[in-house]
2 protein chains.
Amino acid sequence: MAVVSLLNVPDEHPAVRDAWFVRRCTVTPASAPGPLSDLLRLLGVQPSETAGELDFLIPLWRVRSGATLLHEGAPAECVHVVRSGTFKSLKTSEDGYEQVLGFAGPGEVLGFEALCRGQQPMSAVALEDSTVYALPVRSLDGWRQGSPALDHALQFALSRQLARVGEITEMMAAVAAEVRLARFLVWLSAHMLECGQSPRRLRLRMSRRDIASLLGVAHETVSRSFGSLVEWGYLRVDNREVEILDLDGLKAFKRSTRGFADQVSRRHGAGTAASPPARHAPVGVAA
Amino acid sequence: MAVVSLLNVPDEHPAVRDAWFVRRCTVTPASAPGPLSDLLRLLGVQPSETAGELDFLIPLWRVRSGATLLHEGAPAECVHVVRSGTFKSLKTSEDGYEQVLGFAGPGEVLGFEALCRGQQPMSAVALEDSTVYALPVRSLDGWRQGSPALDHALQFALSRQLARVGEITEMMAAVAAEVRLARFLVWLSAHMLECGQSPRRLRLRMSRRDIASLLGVAHETVSRSFGSLVEWGYLRVDNREVEILDLDGLKAFKRSTRGFADQVSRRHGAGTAASPPARHAPVGVAA
DNA sequence: CGATCGTTTGACGGTGCTCAATCACCGTGG
DNA sequence: CCACGGTGATTGAGCACCGTCAAACGATCG
């Protein structure tokens, strides 16, 4: 409870127990559970692979925007698979600072980290109204034995999860703040593509502060970095709406690494219109 | 092959095919495979849990210091479990910069990230002479079905792996370089303890440059940060031998987060010789 | 014993953090 | 309807930290 009280939990604080909080920040069972086949589709399994398997129902939860699906320190009860929506994973330190560790979208697994110690090492908060499949830890082994397809899909998803955190680390490792943001945007773009969305038009579900926390910079720096990327013609930004104007250029720019930072500073010194790969004209909005 | 040629592979380059390279940088089968029970012990399974299970032999490899166990871009053939020694995981960018993503010791899984795409997303290099169990991807499903204990142990290890990368992210997210290094040392200390080693006497297997890469700072900054931690009385350092003099103080210090960076800077201003070990209040006021 | 690599220390310049003020947006309540 | 407080985003100014360049020292291995 000591740990839980640090988080944004509807406890103790009187104001949070009424009004909009109860309406908005809740985790409730969905109207109906979902079929296993839908879960498998989410995890990337082809329908042909599940031929002849039993199709049973999986508990489905509805998580409203702002609600905390997983509480840091809470016991491990369910492993979740995001069906729709977006989540952020975070750790809260004693002084209340929220360290964002990653973002999760459809098909991603949440809460698996808790199995080894029996309690959640991090929290998960919905960034928009979302739905998740809930796989009780106790049922997990049985379900996996009953459905080889589910077993494979989970292995697959965990493998992908591990590969993704490598990408997260790469983002934070970049020297310049603009490069970090560029890597983040390219990463996000790739994931929107995987989800069948447009890779150029991004609707950011997270605040600047969340992005800043993930990238390890101040949130003002994120604002300024957005400004720079816009000025250099890579983006068009309107609050949380981001349109990538030059995805290839952005991918080239994000490769700037330590030891080659001169490429970055060169951008500043030499006119912004000269050095970028292909684009001179400020296609989008002028500063 | 295009990707592989970027790495330190004993191919094409004539110099690497002879002399010390062949002797030192090799991955070879060990003299004999190891029993499954030993693998399960590594992964943290209690012997009692495996009662009545078949004990078969698992291929065991020997990896010499400096050898590359996993090549970025290579096809996924085996999942490895470190039996002894230490590895670093890294991605090599086009310009040759090595981004270290993590370190792995006994009981940790290497190469699982490759399952989802069929090829290694990162390389793994031995930092000392090491041994690893090799679980061929083709045999994996069969072995897991044949041994529920192995199945559970792998799930457990993967969960732990995911929890660990969260810790890595936390390290890189710290503001001040000294805090990052402190977090790294505390992290390392905890893992030495898990492996039955002393949590206070650390023998660093990795270079300053590797640490710097992981923490996202310049390697000179790592040197200077070591100097600061020594000056403040937390450590005693002799090259790669590190003795932690005040583990509790170091743990308190590592909690410094963004938004509370004044704690750090205050350390510099107020005489450096005055503040060190006593550690006034973790989060409270200094001076 | 010599060569190569790793580590340490110094000086300088720049980037990004901190502290602020301002503006836009939203839901609430007058 | 508009005033109001709250949150998030943007922009500016100042300064400290850290990255870069450079050189010296130390360790390791052939």
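Proteins get letters first, then strands, A, B, ... in listed order; numbering begins at 1 in each. Computed from a predicted structure; not experimentally measured.
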Practice prompt. Mind checking the CG-OG spacing from A:Leu70 to A:Ser89? Nearest 0.5 Å is all I need.
Written response: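 Nearest 0.5 Å value for the CG-OG distance: 7.5 Å.
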Response to the item:
When rounded to the nearest 0.5 Å, the distance separating CE of A:Met192 from CZ of A:Arg203 is 9.5 Å
Worksheet item: Going by the angle between their ring planes, with limits at 30° and 60°, are B:Tyr234 and B:Trp232 parallel, tilted or perpendicular?
Response: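 Rings of B:Tyr234 and B:Trp232: perpendicular, as their planes differ by over 60°.
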Could you give the [atom1]-to-[atom2] distance, from [X] to [N], as a whole number of Å?
| X | N | atom1 | atom2 | result |
| --- | --- | --- | --- | --- |
| B:Leu204 | D:dT28 | CG | C1' | 17 Å |
| A:Asp238 | D:dG8 | CG | P | 18 Å |
| A:Leu235 | D:dT10 | CG | P | 12 Å |
| A:Leu215 | C:dG16 | CG | P | 12 Å |
| B:Arg240 | C:dC5 | CZ | P | 14 Å |
| B:Arg180 | D:dG19 | CZ | C1' | 12 Å |
| B:Glu241 | C:dT7 | CD | C1' | 15 Å |
| B:Leu181 | C:dT8 | CG | C1' | 15 Å |

Item to complete: May I ask you to say what A:Val217 touches in the nucleic acid, namely base, sugar-phosphate or nothing, with a heavy-atom cut-off under 4.0 Å?
Response: sugar-phosphate
Practice prompt. Give a yes/no verdict on a cation-pi contact between B:Arg205 and B:Phe87, requiring under 6.0 Å between NZ or CZ and the six-membered ring centre and an angle within 45° of the axis.
Written response: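 No, B:Arg205 does not sit over the ring of B:Phe87.
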Fill in: Over-ring placement of B:Arg208 relative to B:Phe226, 6.0 Å and 45° cut-offs
yes
Item to complete: Tell me, yes or no, whether the heavy-atom count around B:Lys254 atom NZ, taken from other residues, nucleotides or ligands under 6.0 Å, exceeds 12.
Response: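 Buried by this count: over 12 neighbours within 6.0 Å.
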Discussion item. With nearest nucleotide decided by heavy atoms, which residue, A:Asn239 or A:Gly216, maps closer to the 5′ end of DNA chain C?
Written reply: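 Result of the comparison: A:Gly216.
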Discussion item. Using the side-chain heavy atoms of A:Ala176, tell me which of these nucleotides is nearest: C:dT18, C:dG16, D:dC18.
Written reply: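 In terms of side-chain proximity for A:Ala176, the closest of C:dT18, C:dG16, D:dC18 is C:dG16.
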What protein N or O atoms touch nucleotides 11-13 of chain D N or O atoms at under 3.5 angstrom, if any, and at what distances?
| from | atom 1 | to | atom 2 | distance (Å) |
| --- | --- | --- | --- | --- |
| D:dG12 | N7 | A:Arg224 | NH1 | 2.9 |
| D:dG12 | O6 | A:Arg224 | NH2 | 3.2 |

Worksheet item: Are A:Val217 and A:Leu181 close enough, and set up right, to give a side-chain contact (heavy atoms from CB on, under 4.5 Å), and what steps lead you there?
Response: CA-CA 10 Å; A:Val217 299; A:Leu181 184 59; over 6 Å; no
Worksheet item: At under 4.0 Å, does any side-chain N or O of A:Arg208 touch on OP1 or OP2 of D:dT10?
Response: yes
